[in-house]
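Computed from a predicted model, the values in this text were never measured in an experiment. Lettering follows sequence order; numbering is per chain, from 1. Just so you know, these numbers use all the heavy atoms, side chains as well, and skip hydrogens, waters and symmetry mates.
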Protein chains: 2
Amino acid sequence: MRKAPTVYDVAQRAGVSIATVSRVLRRPDDVREHTRTVVHAAIQELGYVPSGAARGLAARQTGVLGLCFPDVDGIDELDDLPDPVRIGESVEVVRDVGGPVTARWSNLYLGEVMRGAELEAWRTGHAVMIGVARGLRRAEAVNELAGRVDGLAVLSRSVPDDLLGHIARRVPVVVMAGPPQDDEHDHIFVDNRAGTRALVEHLVSDHGIRDLAFVGGPVDSPDDHQRFAGFVDALQAAGIRAPDEPVARSDFTRGGARDLAHRMVGRRGQPGGALPRALVCSNDQTALGFLDVLTEAGVDVPGDVVLTGFDGIDDTQTSAPRITTVRQPMVELGRAAVELLRSRLADPSAPAATVNLPVRVLLRESCGCR
Amino acid sequence: MRKAPTVYDVAQRAGVSIATVSRVLRRPDDVREHTRTVVHAAIQELGYVPSGAARGLAARQTGVLGLCFPDVDGIDELDDLPDPVRIGESVEVVRDVGGPVTARWSNLYLGEVMRGAELEAWRTGHAVMIGVARGLRRAEAVNELAGRVDGLAVLSRSVPDDLLGHIARRVPVVVMAGPPQDDEHDHIFVDNRAGTRALVEHLVSDHGIRDLAFVGGPVDSPDDHQRFAGFVDALQAAGIRAPDEPVARSDFTRGGARDLAHRMVGRRGQPGGALPRALVCSNDQTALGFLDVLTEAGVDVPGDVVLTGFDGIDDTQTSAPRITTVRQPMVELGRAAVELLRSRLADPSAPAATVNLPVRVLLRESCGCR
DNA sequence: TTGTATGCGTTATCAA
DNA sequence: TTGATAACGCATACAA
């Protein structure tokens with residue numbers, strides 16, 4: 001490792017030219033079997049590993065695809081970092097008093113996307129490089145990532161538009177799971193709208209519910225916006241009068257949803273304060289928060305109120321009752337991103353593509369199924 | 001994107017030499033402010049993004065660290081791949097009948113390691129590249145990964161020893177979470193032995209249990225081996241006669257543990273078939289499997305039998321009772337790997353290092369606490 | 001403070 | 001089937 005051997009070393013050792021060494025690695029069929037054997041032997045003896053940098057430079061492509069995520073750890077500064085590992089410390093024995101199970105939604109989410117991307121990249125002999133856009137030097141980091149890859153898949157809003165535009169002049173960019181947008185990049189959308197619509201249609205058609213309310217998320221969430229649109233779609237299709245706005249908005253967290261639920265439950269007695277037959281929540285955390293409070297208040301789910309979510313996080317599978325929801329196609333998102341990148345690399349001049357990922361509605365007990 | 005601009009383009013546009021362009025990017029303080037401004041303007045106008053390959057080649061280091069995992073998806077062939085994304089398909093509505101919650105232990109495990117590595121790498125301006133050693137061309141893939149990075153952290157047994165030796169002649173290698181081994185590489189161990197010992201000492205000292213049995217995992221698992229050693233340590237320290245072997249072995253899966261538990265529970269009536277006061281399981285899945293069966297059979301945990309696990313997976317937090325276990329320091333593992341890589345790069349001639357990561361014993365209800 | 005020139009380790013194009 | 005040799009895009013030592 002003192003000084004890594006190069007093609008020259010291998011060539012010398014094998015008594016051939018560097019061109020032949022390169023050929024043995026890239027197009028083995030173009031060299032005589034004997035030569036091949038000799039070269040391979042030299043490679044083994046020297047411990048030769050080709051330099052990716054040199055290859056990338058000469059071949060004008062690195063074989064690496066990039067995946068750029070937003071900062072899910074909420075780290076903006078080096079100071080925010082958790083303590084580094086302290087080595088040599090002894091075992092610690094602690095009483096685990098419980099508390100809420102850590103919600104690792106974003107980790108899981110991103111992990112699945114990565115898994116899908118890696119899988120699809122592996123299929124075609126690509127490597128994938130992960131980048132997290134965090135901290136003050138994030139622009140710089142994203143730039144460097146872009147400089148190292150043949151194509152870049154970016155999770156929506158992890159990179160500002162202007163930076164994205166800059167980068168896109170060097171490598172193809174695909175934006176994952178963003179709001180509908182009309183720019184030069186390829187896009188992959190998750191069909192929030194169709195998913196919610198299908199879910200609500202189930203409530204109306206199969207359960208005969210006509211008194212539904214939509215509990216929204218943050219106003220600036222494009223996902224929320226699409227989901228509400230799907231809600232409206234379904235109601236209109238069923239000839240039910242649709243509201244202009246969600247009946248209320250939470251912040252997409254379970255705690256925030258609890259607060260909201262408390263207020264709504266408290267108003268039950270007042271005129272116009274009655275709970276609707278079905279609460280269609282904009283995400284799972286919201287549904288879970290409502291479930292907590294409704295259960296506490298003695299409101300039966302789904303007997304008194306039907307509850308649904310969106311995302312398909314694990315907790316919706318273990319709650320009582322399990323929550324009917326719409327599963328986000330995380331792995332598929334990653335795979336689709338890589339697919340799109342590849343076809344873009346194959347045909348750079350094709351018009352910008354838009355992919356709408358299908359979604360899956362999971363019927364469980366909270367909507368009255370079974 | 002048709003043809004990415006290079007330093008030459010920027011230099012020309014800015015009316016300076018390529019050296020100056022490079023300096024503006026690498027050592028801005030060495031250039032006059034005006035020049036800097038002009039160059040930056042040119043960079044923006046052209047959409048210049050430096051080539052990582054060229055940088056790596058010229059600077060003799062890529063700024064990328066590699067992370068190599070074993071194949072957790074069990075994919076050996078392209079044929080094993082799940083179906084690719086089908087685009088344009090409509091929403092699917094399915095009845096989710098339940099079944100076991102998907103155990104994503106390895107995903108979570110690896111995800112956490114990655115998160116730790118990425119975090120630590122980010123601190124020092126490094127990028128990290130993930131590689132999964134899978135399929136027939138795995139050696140090739142690992143080689144390519146090694147060729148692209150400045151250092152490589154490898155999860156134990158994801159790469160055969162000879163390949164690792166080959167690679168190590170080019171880049172520093174650190175092996176994560178393997179069996180004690182005496183080779184040229186740096187190693188990071190998770191202190192399975194001390195963790196189990198501390199856990200068992202708790203059972204003996206704090207709960208006064210003297211009738212304990214160890215339910216092992218696969219014989220070829222070094223982790224299992226270490227954990228059993230810790231079990232023995234604790235017993236011997238307490239003056240309790242320690243067995244030579246685990247009382248039984250499961251395959252580290254919940255299902256396998258269930259089968260085993262059924263057999264053990266079935267033997268209860270027979271002479272010598274009585275259950276011990278405490279079952280120390282080699283991993284969490286095993287403990288969970290036993291919990292399933294014991295609960296079914298009306299054996300109270302921890303009243304009749306005390307149960308403990310190892311790993312700290314999420315399910316141990318939601319089971320009833322929650323399971324006392326030892327948490328694997330996944331994030332720390334990733335961070336430590338990167339730390340070690342960095343110090344190795346800083347001083348290539350230092351002797352091979354060995355890091356023992358501390359572990360945390362989580363006392364919960366399954367051991368009788370609270 | 002800036003420019004010139006060289007080398008980094010491959011791939012790929014031609015010749016031989 | 002093999003060998004010279006010219007890119008590839010940048011960093012950097014050295015000159016100016």
Side-chain angles (χ1 to χ4, degrees), chain A residues 1 3-40 42-43 46-64 143-144 146-150 169-171, chain B residues 1 3-40 42-43 46-64 143-144 146-150 169-171:
Chain A
M1 204 200 74
K3 170 76 174 66
T6 72
V7 257
Y8 291 96
D9 302 315
V10 176
Q12 186 171 30
R13 179 100 176 200
V16 300
S17 73
I18 62 165
T20 298
V21 174
S22 178
R23 268 190 289 257
V24 167
L25 264 24
R26 314 303 286 178
R27 312 171 41 169
D29 295 339
D30 285 9
V31 343
R32 195 155 45 110
E33 177 169 345
H34 173 69
T35 316
R36 218 186 304 158
T37 314
V38 173
V39 171
H40 271 133
I43 289 178
L46 294 175
Y48 169 67
V49 177
S51 152
R55 283 193 157 172
L57 188 54
R60 269 168 281 275
Q61 55 172 8
T62 64
V64 181
N143 234 312
E144 286 187 359
R148 292 196 242 256
V149 301
D150 293 337
R169 297 175 66 169
R170 166 173 250 270
V171 294
Chain B
M1 208 198 72
K3 170 73 174 67
T6 73
V7 257
Y8 293 97
D9 302 316
V10 176
Q12 184 169 32
R13 178 102 176 199
V16 300
S17 74
I18 64 164
T20 297
V21 174
S22 179
R23 268 190 290 259
V24 166
L25 263 25
R26 314 304 284 177
R27 311 171 41 169
D29 296 339
D30 285 11
V31 346
R32 193 154 45 110
E33 177 170 344
H34 175 255
T35 317
R36 219 185 304 156
T37 314
V38 173
V39 171
H40 271 132
I43 289 178
L46 294 175
Y48 169 66
V49 176
S51 151
R55 283 192 158 176
L57 189 53
R60 269 167 281 277
Q61 55 171 12
T62 63
V64 182
N143 235 316
E144 285 187 0
R148 291 197 245 254
V149 301
D150 293 335
R169 297 174 67 170
R170 166 173 251 269
V171 293

> Nearest heavy atom decides the nucleotide; on that basis, is B:E33 or A:S22 closer to the 5' end of DNA chain C?
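Nearest-nucleotide comparison on DNA chain C picks B:E33.
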> For A:R23, which residues count as a side-chain hydrogen bond (donor to acceptor under 3.5 Å, both in side chains) partner, sequence neighbours excluded?
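Checked A:R23 against side-chain hydrogen bond (donor to acceptor under 3.5 Å, both in side chains); zero matches.
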> If the sugar-phosphate is the primed atoms plus P, OP1 and OP2 and the base is the rest, what is the B/S/- string for nucleotides 1-7 of chain D, using protein heavy atoms under 4.0 Å?
SBBBB--
> Within the side chain of A:R169, is there an N or O that forms a donor-acceptor pair under 3.5 Å with the backbone of B:L46?
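Looks like yes, one N/O pair under 3.5 Å.
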> For DNA chain C, note the earliest and the latest nucleotide, 5' to 3', having some atom under 4.0 Å of a heavy atom belonging to chain B.
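Answer, 5' to 3': C:dT1 to C:dG9.
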> Whether the side chain of B:R13 engages the backbone of B:A42 through a donor-acceptor N/O pair (distance < 3.5 Å, no angle test) should be reported.
no
> Show the atom names and distances, to 0.1 Å, of all donor-acceptor pairs under 3.5 Å that link a side chain in residues 26-33 of chain B to residues at least two apart or in another chain.
{"unit_1": "B:R27", "atom_1": "NE", "unit_2": "B:D30", "atom_2": "OD2", "d": "3.1"}
{"unit_1": "B:R27", "atom_1": "NH2", "unit_2": "B:D30", "atom_2": "OD2", "d": "2.8"}

> Identify, with sequence neighbours excluded, every residue that meets side-chain hydrogen bond (donor to acceptor under 3.5 Å, both in side chains) alongside A:R36.
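With sequence neighbours excluded, A:R36 shows a side-chain hydrogen bond (donor to acceptor under 3.5 Å, both in side chains) to no residue whatsoever.
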> Taking side chain to side chain contact (heavy atoms under 4.5 Å, CB included) as the test, write out the residues that go with A:I18, two or more places apart.
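Per chain and number, A:I18 pairs via side chain to side chain contact (heavy atoms under 4.5 Å, CB included) with A:V7, A:Y8, A:A11.
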> Set out, in order, the CA-CA distance, both residues' side-chain angles and the distance that settles side-chain contact (heavy atoms from CB on, under 4.5 Å) for B:I43 and B:L25, then state yes or no.
CA-CA 10 Å; B:I43 289 178; B:L25 263 25; 3.6 Å; yes
> Could you give the angle between the helix axes at the two ends of the helix from C:dT1-D:dA16 to C:dA16-D:dT1, with five pairs per end, rounded to 10 degrees?
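Taking five pairs per end, the axes differ by 30°.
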> Side chain to side chain contact (heavy atoms under 4.5 Å, CB included) with A:A58: which residues, sequence neighbours excluded?
none
> How far apart are the C-alpha atoms of B:V64 and B:R148, what are their side-chain angles, what is the distance that settles it, and do they pass the side-chain contact (heavy atoms from CB on, under 4.5 Å) test?
CA-CA 7 Å; B:V64 182; B:R148 291 197 245 254; over 6 Å; no
> Tell me whether the OP1 or OP2 atom of D:dA11 has a side-chain N or O from B:R55 closer than 4.0 Å.
yes
> Strictly by side chain to side chain donor-acceptor pair (under 3.5 Å), give each pair with a member in residues 51-64 of chain B just once, sequence neighbours left out.
B:T62-B:D150
